S.K.: 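Below is a structure I'd like to ask you about.
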Amino acid sequence: MSAIVQTAGPVAITNSLRQNRKIFRNISAQQFLEAANELQDLGVGNLVDVTTTGSCTPVFVKNPPNMVEEILGSNPDLCDVAVYSTRYNAAASKSISFTLRGRLVAMKLVSKNHFM
């Protein structure tokens, strides 16, 4: 779960985890979904399915840092609030395709500034 929280940018997909750290290169889609669902239950963000060109991609959309301070404070094993804030405000992973980026922006789930 902490890998999703610490992924750069406000969104995470399975491929962004695989590129984030060597130890997550073998993460399965099922493992990603299980962790994302647990984080959603905690209130850290929302798991949404985004459809682009005939395929559906599960995307974990992280809540802004000010909305998760208390959650992270009571779950210190997930991530430090300062680290979360820094990673949230970083540019999202380049593993997120241009098509998926455009769809996320069109759905108003993220700002286009997060992909620069």
Side-chain angles (χ1 to χ4, degrees):
M1 286 192 311
S2 66
I4 293 174
V5 173
Q6 294 182 40
T7 300
V11 295
I13 61 173
T14 306
N15 287 343
S16 61
L17 288 184
R18 289 178 183 152
Q19 290 186 347
N20 191 28
R21 294 191 180 153
K22 289 180 183 179
I23 60 172
F24 296 112
R25 286 201 177 143
N26 294 325
I27 189 170
S28 71
Q30 184 61 37
Q31 290 170 314
F32 173 80
L33 290 174
E34 289 170 4
N37 277 314
E38 287 182 45
L39 289 170
Q40 180 173 275
D41 291 345
L42 286 172
V44 176
N46 295 299
L47 182 62
V48 296
D49 289 324
V50 180
T51 303
T52 58
T53 59
S55 66
C56 187
T57 304
V59 179
F60 186 76
V61 182
K62 297 189 258 180
N63 285 331
N66 64 329
M67 292 179 64
V68 297
E69 287 178 9
E70 189 174 314
I71 296 165
L72 294 177
S74 61
N75 294 283
D77 54 317
L78 280 180
C79 184
D80 178 71
V81 176
V83 171
Y84 180 88
S85 182
T86 300
R87 300 300 289 163
Y88 178 90
N89 290 306
S93 173
K94 292 181 180 182
S95 67
I96 300 173
S97 71
F98 288 109
T99 305
L100 183 55
R101 292 175 187 206
R103 189 75 183 115
L104 290 166
V105 171
M107 294 172 69
K108 298 184 181 187
L109 295 172
V110 296
S111 162
K112 65 180 178 180
N113 295 335
H114 281 109
F115 296 111
M116 299 181 149

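Keep in mind the model is a prediction, meaning the values are calculated, not measured.
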S.K.: Output the distance between atom CD (Gln40) and atom CG (Leu33), rounded to the nearest 0.5 Å.
M.R.: 11.0 Å
S.K.: Using the side chain to side chain contact (heavy atoms under 4.5 Å, CB included) definition, which of the options Thr51, Val59, Thr53 pairs with Leu100?
M.R.: Val59
S.K.: Answer yes or no: is there a donor N or O on one side and an acceptor on the other, between the side chain of Ser85 and the main chain of Val81, under 3.5 Å?
M.R.: no
S.K.: Write down the atom of Leu47, the atom of Pro58, and the distance for their closest heavy-atom approach.
M.R.: CD1-CB, 4.2 Å
S.K.: Supply the atom-to-atom distance Leu39 CG to Glu34 CD, rounded to the nearest 0.5 angstrom.
M.R.: 12.0 Å
S.K.: At what distance, to the nearest 0.5 angstrom, does OG1 of Thr14 lie from CD of Gln30?
M.R.: 10.0 Å
S.K.: Taking all heavy atoms of Tyr84 and all of Val5, pick out the closest pair and write down the distance.
M.R.: CD1-CG1, 3.2 Å
S.K.: Mind listing the closest non-hydrogen atom pair of Met107 and Val50 along with its distance?
M.R.: SD-CG1, 4.0 Å
S.K.: Check Asn63 against Gly43 and note the closest heavy-atom contact, atom names and distance.
M.R.: ND2-O, 2.9 Å
S.K.: Could you report the tightest heavy-atom contact between Cys79 and Leu72, atom names first, then the distance?
M.R.: O-CB, 3.8 Å
S.K.: Is the CE atom of Met67 crowded by more than 12 outside heavy atoms at less than 6.0 Å?
M.R.: no
S.K.: Are the side chains of Leu109 and Val11 in touch, meaning some heavy atoms are under 4.5 Å apart?
M.R.: no
S.K.: Quick check for you: to the nearest 0.5 Å, what is the distance between Arg87 atom CZ and Asp80 atom CG?
M.R.: 13.0 Å
S.K.: Measure the spacing between CG of Asn37 and CG of Leu42 and express it to the nearest 0.5 Å.
M.R.: 11.0 Å
S.K.: Assess the residue pair Lys94 and Arg101 against the criterion (side chain to side chain contact (heavy atoms under 4.5 Å, CB included)); give the C-alpha distance rounded to whole Å, side-chain angles, the decisive distance to 0.1 Å, and a yes or no.
M.R.: CA-CA 10 Å; Lys94 292 181 180 182; Arg101 292 175 187 206; 4.0 Å; yes
S.K.: Say you draw a straight line from OH of Tyr88 to OG1 of Thr7; how long is it, rounded to the nearest 0.5 Å?
M.R.: 13.5 Å
S.K.: Compare every heavy atom of Ala36 with every heavy atom of Ile4, then report the nearest pair and how far apart it is.
M.R.: CD1-N, 3.8 Å
S.K.: May I have the step-by-step check of side chain to side chain contact (heavy atoms under 4.5 Å, CB included) for Thr57 and Asp49, ending in yes or no?
M.R.: CA-CA 5 Å; Thr57 304; Asp49 289 324; over 6 Å; no
